[in-house]
Number of protein chains: 2
Amino acid sequence: MDIDKLNWKILRCLQENARLSNAEIGRRVGVSSPAVSERIKKMEDLGIIEGYKTIVSPLEVGYQLKAIITLRAFMGKLKPFLEKVKTYDEVVNCYRITGDENIVMEVVLKNQKHMESFIDQLIVYGESKTQIVLSDVVKQKEIKSLK
Amino acid sequence: MDIDKLNWKILRCLQENARLSNAEIGRRVGVSSPAVSERIKKMEDLGIIEGYKTIVSPLEVGYQLKAIITLRAFMGKLKPFLEKVKTYDEVVNCYRITGDENIVMEVVLKNQKHMESFIDQLIVYGESKTQIVLSDVVKQKEIKSLK
DNA sequence: TATCTTGTGATTAATTTTGATAAAAATGCT
DNA sequence: AGCATTTTTATCAAAATTAATCACAAGATA
């Protein structure tokens, strides 16, 4: 598909605020609202748009800590972990990666005690390394059109 | 603020699909749409809701690679980097962390050449370590109410 | 020329917003 | 505790806005 200038303009609006109305987007990008609606639907169908998420502040809802945890899985333990990780409420992002470690996760935790018990759960799957997040430098930045 | 059962129900809807109408959310959680509207506005004002983002597929728009890059900043180079990183289109997430490395970033890249030139830019700020993302195991999972 | 795509404008249905009112919860006083 | 007052928050209804759908026109494609 051709993801043209107009679609990028629409995507820029939607990435910045997914709850904008089609009419408002249309006003901003200079096209009618049915056109916006149709283009959004098509981008959804094509998988360009994967979804619309609300960003909830972990701090405001009681998660005092954020951490990056990497895991070097034991022999035969990677696959079981890939299944198990989906059930952890604490894990907001998890990637399989190349290199020494197999997994990197972003997790939210209530407090030190919660962190301790969470890390304890990982022991059976491999060696984990925890790095506490001090601050968000860049958060959920939009994806830009490439030249 | 009391983030009660009803607000969590609303947040669950919004995290799953930020573009649901207030009326539809109201139907699902059993209140009128003005009630939903008012509660959402209050959660926005209080910073519980940080925003509404559209998730764009990096692959579908031409970014073939995703990577996790950590940076161990040179003496005096951390602060300049924290400013510079905001200007990088490739960086979709960036955290300052504890431990050996100071920074962990999630980046999207067009190809190997692009990766090479991006990593080259980092050399002046510190030692970087790059891990290619093989797959998303868990992506942007919603934040749950804690018991 | 014929066909396919995509935007516009119009119509109708649905939604949001606003203000008025009522119910519920919290607060204060005896 | 018991009761009245205040505050908060929900509902309802009307008006304004928006979304979905349609026919049709303008370009692009074959």
Side-chain angles (χ1 to χ4, degrees), chain A residues 1-63 140 142-147, chain B residues 1-63 140 142-147:
Chain A
M1 188 227 190
D2 61 316
I3 174 160
D4 59 12
K5 281 266 175 61
L6 181 54
N7 273 344
W8 270 113
K9 283 188 190 175
I10 294 170
L11 281 182
R12 214 173 307 137
C13 293
L14 281 175
Q15 289 188 87
E16 195 242 333
N17 180 3
R19 273 177 80 78
L20 286 179
S21 69
N22 296 339
E24 176 58 26
I25 295 168
R27 248 170 260 130
R28 295 187 186 184
V29 308
V31 81
S32 68
S33 77
V36 173
S37 167
E38 194 183 353
R39 277 169 174 267
I40 290 176
K41 196 174 297 166
K42 188 166 282 179
M43 289 194 282
E44 289 170 354
D45 292 344
L46 291 171
I48 293 167
I49 292 175
E50 295 186 339
Y52 309 98
K53 296 284 165 90
T54 292
I55 310 303
V56 172
S57 165
L59 249 99
E60 292 295 332
V61 301
Y63 292 96
Q140 293 285 125
E142 69 179 87
I143 287 182
K144 299 256 178 48
S145 124
L146 32 81
K147 291 102 205 167
Chain B
M1 188 228 190
D2 61 314
I3 174 160
D4 60 10
K5 281 265 176 61
L6 181 53
N7 273 345
W8 270 114
K9 283 187 189 174
I10 293 170
L11 281 181
R12 214 174 305 137
C13 293
L14 281 176
Q15 289 188 87
E16 195 242 332
N17 179 3
R19 272 177 82 77
L20 286 179
S21 71
N22 297 339
E24 176 58 25
I25 294 168
R27 249 170 259 130
R28 294 187 188 184
V29 308
V31 290
S32 66
S33 79
V36 173
S37 168
E38 194 185 353
R39 278 168 173 269
I40 290 176
K41 197 173 298 164
K42 189 165 282 179
M43 289 194 281
E44 289 169 354
D45 292 344
L46 291 171
I48 292 168
I49 292 175
E50 296 187 338
Y52 308 98
K53 296 284 165 94
T54 292
I55 310 303
V56 173
S57 165
L59 248 101
E60 292 294 331
V61 301
Y63 292 95
Q140 294 284 126
E142 70 180 81
I143 287 182
K144 299 256 177 50
S145 123
L146 32 80
K147 289 105 210 164

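Hydrogens, waters and symmetry mates play no part in the numbers below; they use all other heavy atoms, side chains included. Quantities reported herein were computed from a predicted structural model and do not represent experimental measurements. Lettering follows sequence order; numbering is per chain, from 1.
- Nearest heavy-atom pair, A:I55 versus B:K53, reported as atom, atom and distance to 0.1 Å: CG1-CG, 3.7 Å.
- The two residues B:I40 and B:I25 have their closest heavy-atom pair at CD1-CD1, 4.3 Å.
- Contact check for A:I48 versus B:V61: side-chain heavy atoms found under the 4.5 Å cut-off.
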Fill in the blank from the handout: Each nucleotide of nucleotides 4-19 of chain C classed B (base within 4.0 Å of a protein heavy atom), S (only sugar-phosphate) or -, in 5' to 3' order, makes --SSBBB----SBBB-
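- Paired runs in DNA chain C that reach 3 or more consecutive Watson-Crick or G-U pairs, where each pair keeps both distances under 3.5 Å, cover C:1-30 with D:1-30.
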Practice task
Verify side-chain contact (heavy atoms from CB on, under 4.5 Å) between B:I143 and B:Q15, making sure each step is shown before the conclusion.
Solution key: CA-CA 8 Å; B:I143 287 182; B:Q15 289 188 87; 3.8 Å; yes
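- Taking atom CG of residue B:D45 and atom P of nucleotide D:dT8, one finds them 15 Å apart after rounding to whole Å.
- Under the 4.5 Å side-chain criterion, counting only non-hydrogen atoms from C-beta, A:L46 is not in contact with A:I3.
- Ionic pairing of B:R28 and B:E24 is present here: one or more N-O contacts between side-chain nitrogen and carboxylate oxygen are shorter than 4.0 angstrom.
- In this structure, A:K9 and A:V31 have side chains that are not in contact, with every pair of non-hydrogen atoms separated by 4.5 Å or more.
- The interatomic distance linking B:I25 (CD1) with D:dA10 (P) rounds to 14 Å, in whole Å.
- Checking side-chain atoms of A:R19 against main-chain N and O of B:L20 turns up a donor-acceptor pair under 3.5 Å.
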